Amino acid sequence: MGGKFGAPDKMIIGGKRLDGRKPDELRPITIKAGVIPSADGSAEITQGETKIVVAVYGPREVFPKHMSIADRACVECRYDMASFSTPERSRPGMSRRSTEISKIMAEALMPAIYLEKYPKTKIDIYVEVTNANAGTRCAAITAASVALADAGIEMRDMVVAVASGKVDGKLVLDMFEIEDNFGSADLPLAYMLRKGEITLLQMDGELTKEEIQELVEMNIEACKKIYAMQKKALQDKYSVEKKAMPDAGEENGN
Ligand code: ADP
């Protein structure tokens, strides 16, 4: 690696990345549903060293009332990075970046929700990044989807998201911070598997048309793997709750 503040001399050595991964390999991911008892739904995700908690409240009444939409629910997302989430203290409060991410997150998630089933209500999605190490917008979308399902909100599909990009002239999946900082392109994508629909596609840097195509395909393949983890997170939570229920029945003499 190069100096403390400079780019590493090389980020891919002998076909492997600086953290030992192959170009198309995800970071280790864990997803857990139902981590905040006071929320209607919640989830926690760790993706490498990126760590995020999402809490969902609603569908609930809208205040002030005139902000409500007559025939569907509105969705508001608030993405926030904790001041301790980055090596240098991150300034608390909304920034241009967090405002942008909040907006694109809501837009990426809304197509998956049956909004018309919840007229005149609001669904709030609160995202807290507790450790930021690249890929936070995508990991947050993945976790928010689990939190929405955990809240019992009816959905067409889960939304899964991941980013890929270009590092040392090579296309790589799910960059960690050094790659994100010193790579030459970044392409976050959110996807609904069942519908085959992309709900977020952003790009930063320079890529050829063929490279964009390849990264989109790489992201979609990775989304399939992450989708299985989302499902397992929900199954784990609800199988624990189900196991707890018969005991309660027996105690009541049922
Ligand atoms: P994403 O987290 O979705 O990749 P960006 O590309 O904007 O979004 O950010 C890349 C990474 O840069 C973040 O995940 C985080 O590790 C780091 N970063 C972003 N904003 C800050 C900040 N204000 N202070 C320190 N690091 C930051």
Side-chain angles (χ1 to χ4, degrees), residues 1-2 4-8 11 17-19 21 23-31 43-54 77-109 125-147 159-168 171-191 198-207 211-212 215-216 218-220 222-223 226:
M1 264 193 236
K4 191 177 172 195
F5 300 107
M11 288 187 279
R17 295 152 74 176
L18 292 179
D19 60 0
R21 280 184 293 154
D24 62 349
E25 198 176 332
L26 283 165
R27 292 179 281 183
I29 297 175
T30 59
I31 306 174
E44 183 181 65
I45 185 166
T46 61
Q47 189 156 345
E49 290 182 15
T50 285
K51 209 178 197 11
I52 299 168
V53 183
V54 179
C77 180
R78 189 181 188 282
Y79 166 102
D80 181 50
M81 288 215 305
S83 56
F84 53 80
S85 65
T86 51
E88 302 265 321
R89 181 176 179 271
S90 163
R91 218 171 138 200
M94 293 302 276
S95 61
R96 270 177 63 125
R97 178 176 169 275
S98 54
T99 303
E100 178 228 323
I101 296 180
S102 301
K103 180 177 181 291
I104 59 107
M105 274 195 69
E107 288 169 358
L109 291 160
I125 305 169
Y126 295 100
V127 176
E128 198 62 33
V129 179
T130 53
N131 201 66
N133 193 293
T136 61
R137 74 193 61 205
C138 289
I141 290 169
T142 298
S145 223
V146 174
V159 185
V160 200
V162 74
S164 58
K166 194 171 176 181
V167 167
D168 274 2
L171 302 184
V172 298
L173 178 67
D174 189 20
M175 293 159 298
F176 71 110
E177 191 160 304
I178 295 170
E179 293 176 329
D180 192 276
N181 287 350
F182 300 111
S184 55
D186 181 14
L187 188 136
L189 173 142
Y191 190 64
I198 293 172
T199 64
L200 167 77
L201 183 63
Q202 295 187 294
M203 195 186 110
D204 192 13
E206 281 184 24
L207 293 165
E211 285 171 337
I212 293 172
L215 289 181
V216 166
M218 196 191 265
N219 282 353
I220 290 176
C223 283
I226 303 171

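Keep in mind it's a predicted model, so treat the numbers as computed, not measured. Order of listing sets the numbers, starting from 1, for every ligand and every atom in it.
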**Q** For ligand 1 and Ala134, I'd like to know whether there is a polar contact (N/O to N/O, distance under 3.5 Å).
**A**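 Checking ligand 1 against Ala134, an N or O pair does fall under 3.5 Å apart.
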**Q** Among Glu49, Arg91, Arg97, Glu100, which residue places a heavy atom closest to atom 19 (C) of ligand 1?
**A** Arg97
**Q** Could you give the distance from SG (Cys77) to CD (Glu107), rounded to the nearest 0.5 Å?
**A**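 Result: 10.5 Å between the selected atoms.
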**Q** Please list all pairs passing the side chain to side chain donor-acceptor pair (under 3.5 Å) test where one or both residues lie in residues 175-188, with sequence neighbours left out.
**A** Arg17-Glu179
**Q** Which atoms from ligand 1 have a heavy atom of Ala132 less than 4.0 Å away?
**A**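 Reading through ligand 1 atom by atom, the close ones are 15 (C), 16 (O).
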**Q** How far is atom 24 (N) of ligand 1 from the closest protein heavy atom, and which atom is that?
**A** Thr86 CG2, 3.7 Å
**Q** For atom 4 (O) of ligand 1, which of the options Gly135, Ser98, Ser83 provides the nearest non-hydrogen atom?
**A**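 It is Gly135 whose heavy atom sits nearest to atom 4 (O) of ligand 1.
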**Q** Determine whether the side chain, the backbone, both or neither of Arg137 has a heavy atom under 4.0 Å from any heavy atom of ligand 1.
**A** both
**Q** Heavy-atom contacts under 4.0 Å between Val129 and ligand 1: side chain, backbone, both, or neither?
**A** neither
**Q** Tell me whether Glu177 reaches ligand 1 (any heavy atom closer than 4.0 angstrom to a ligand atom).
**A**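 Right, Glu177 reaches ligand 1.
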**Q** Can you report which non-hydrogen protein atom sits closest to atom 18 (N) of ligand 1, along with the distance?
**A**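 Nearest neighbour among protein heavy atoms for atom 18 (N) of ligand 1, to 0.1 Å: Met81 CE, 4.4 Å.
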**Q** Going by heavy atoms in the side chains, are Leu215 and Met203 under 4.5 Å from each other?
**A**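 With C-beta onward as the side chain, the pair stays apart.
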**Q** Measure the distance from atom 10 (C) of ligand 1 to every protein heavy atom, then report the residue, atom name and distance (to 0.1 Å) of the closest one.
**A** Asp180 OD1, 3.4 Å
